[in-house]
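Here is the structure we will look at, set down as structure tokens.
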Amino acid sequence: MQIIRDLTSLRAAISGLRADGSSIALVPTMGALHEGHMSLVAEGGSRADHVVVSIFVNPKQFGPNEDLDAYPRQEARDVAMLEEAKVAILWAPTVDVMYPAGFASNISVGGVSDELDGAARPGHFDGVATVVTKLFNQVRPDVALFGEKDYQQLAVIRRMVADLNQPLDIIGVPTRRADDGLALSSRNVYLSAEQRAAAVALPKALNDAARRIAGGETVAGVLKDAIASLAAAGFGPIDYFELRDAETLETLPMLDRPGRLLAAARMGSTRLIDNIAVDPL
Ligand code: PAF
């Protein structure tokens with residue numbers, strides 16, 4: 001695997017991979033890789049001849065009081081995992097390479113990024129859309145893979161790619177979970193053993209709510225119970241627990257089309273997000 005940190009070398013390496021007409025899949029990450037990321041890599045390998053993974057902890061998508069400095073960084077371990085998975089290139093630019101002095105552009109995707117995490121984390125999706133567009137322009141992949149764990153992020157990227165005619169396919173990959181159901185996340189390392197045990201209430205609340213809504217119970221009542229169950233398990237504050245249209249993320253007062261339950265809540269100082277599909281019978 002080539003580990004590349006500057007744009008000139010990246011362009012040469014990508015041209016090399018493409019010389020025989022090969023296709024490229026990109027898996028954008030912020031590192032601290034886990035099985036969830038590796039399932040994106042495996043899916044990329046089944047959809048293209050070569051997989052490129054980027055690791056870049058993007059300062060533009062962290063708010064002033066968020067965990068940019070604390071975000072786990074473990075490149076040596078990540079490199080070993082990517083080598084094992086036969087990744088062709090690790091693209092690991094520094095902040096100066098990604099955002100050189102004078103950088104002044106911003107990509108903002110309206111609508112789908114306004115609420116939920118967009119409201120709880122102002123500027124977050126602008127930071128994501130801007131860096132993902134740069135990664136697409138740098139790597140020029142045929143396909144890029146994103147986890148459904150960050151469901152709103154996936155919806156924002158799909159909207160952006162469609163609106164801006166970005167020439168690649170976006171693939172969403174189902175969330176990987178621990179045996180007890182907690183969604184895998186690089187941020188789970190922040191949880192103490194006690195918090196980790198209590199955190200299982202989040203996927204449980206989503207599963208219970210999905211089953212009840214699909215069974216015909218009133219959405220508002222089910223959401224109220226779900227929020228109460230999270231609070232009883234020690235979550236707080238709870239940023240949102242909502243039923244949304246699976247594609248546009250508009251609020252769904254009743255399940256009359258494919259929906260998605262999305263939740264974000266804090267366990268101690270760790271903010272966890274998760275989501276699940278809910279389909280009308
Ligand atoms: O999901 C992530 O890890 C990040 O938001 C992404 C897509 C790599 C952009 O920084």
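All values reported here derive from a predicted model rather than from experimental measurement. The figures here come from the full heavy-atom set of this structure, side chains too, leaving out hydrogens, waters and symmetry mates. Indexing begins at 1, ligand by ligand and atom by atom, following the structure's order.
- For atom 2 (C) of ligand 1, the closest heavy atom belonging to the protein is Q153 NE2, 3.9 Å.
- Ring planes of Y99 and F103: perpendicular class, angle over 60° (limits at 30 and 60°).
- The protein heavy atom nearest to atom 10 (O) of ligand 1 is Q61 OE1, 2.6 Å.
- Looking only at side-chain heavy atoms (C-beta outward), L135 and W91 come within less than 4.5 Å of each other.
- Test Q152, E250, E115 against R244 for side-chain hydrogen bond (donor to acceptor under 3.5 Å, both in side chains) and you get one pass: E115.
- Protein heavy atom at the shortest distance from atom 3 (O) of ligand 1 is M30 CG, 3.6 Å.
- The shortest distance between side-chain heavy atoms of R177 and D274 falls below 4.5 Å.
- Counting heavy atoms under 4.0 Å from ligand 1, residue L135 does not touch it at all.
- The atoms of ligand 1 that sit less than 4.0 Å from any heavy atom of T29 are 8 (C).
- Looking at heavy atoms from C-beta onward, L261 lies in side-chain contact with F241 at the 4.5 angstrom threshold.
- Applying the salt bridge (charged side-chain N to carboxylate O under 4.0 Å, His left out) rule to pairs touching residues 183-194 yields D67-R187, sequence neighbours excluded.
- Every atom of ligand 1 with a heavy atom of V131 under 4.0 Å away is listed here by number and element: 9 (C), 10 (O).
- Close contacts of ligand 1 with P28, meaning ligand atoms under 4.0 Å from a residue heavy atom, involve 8 (C).
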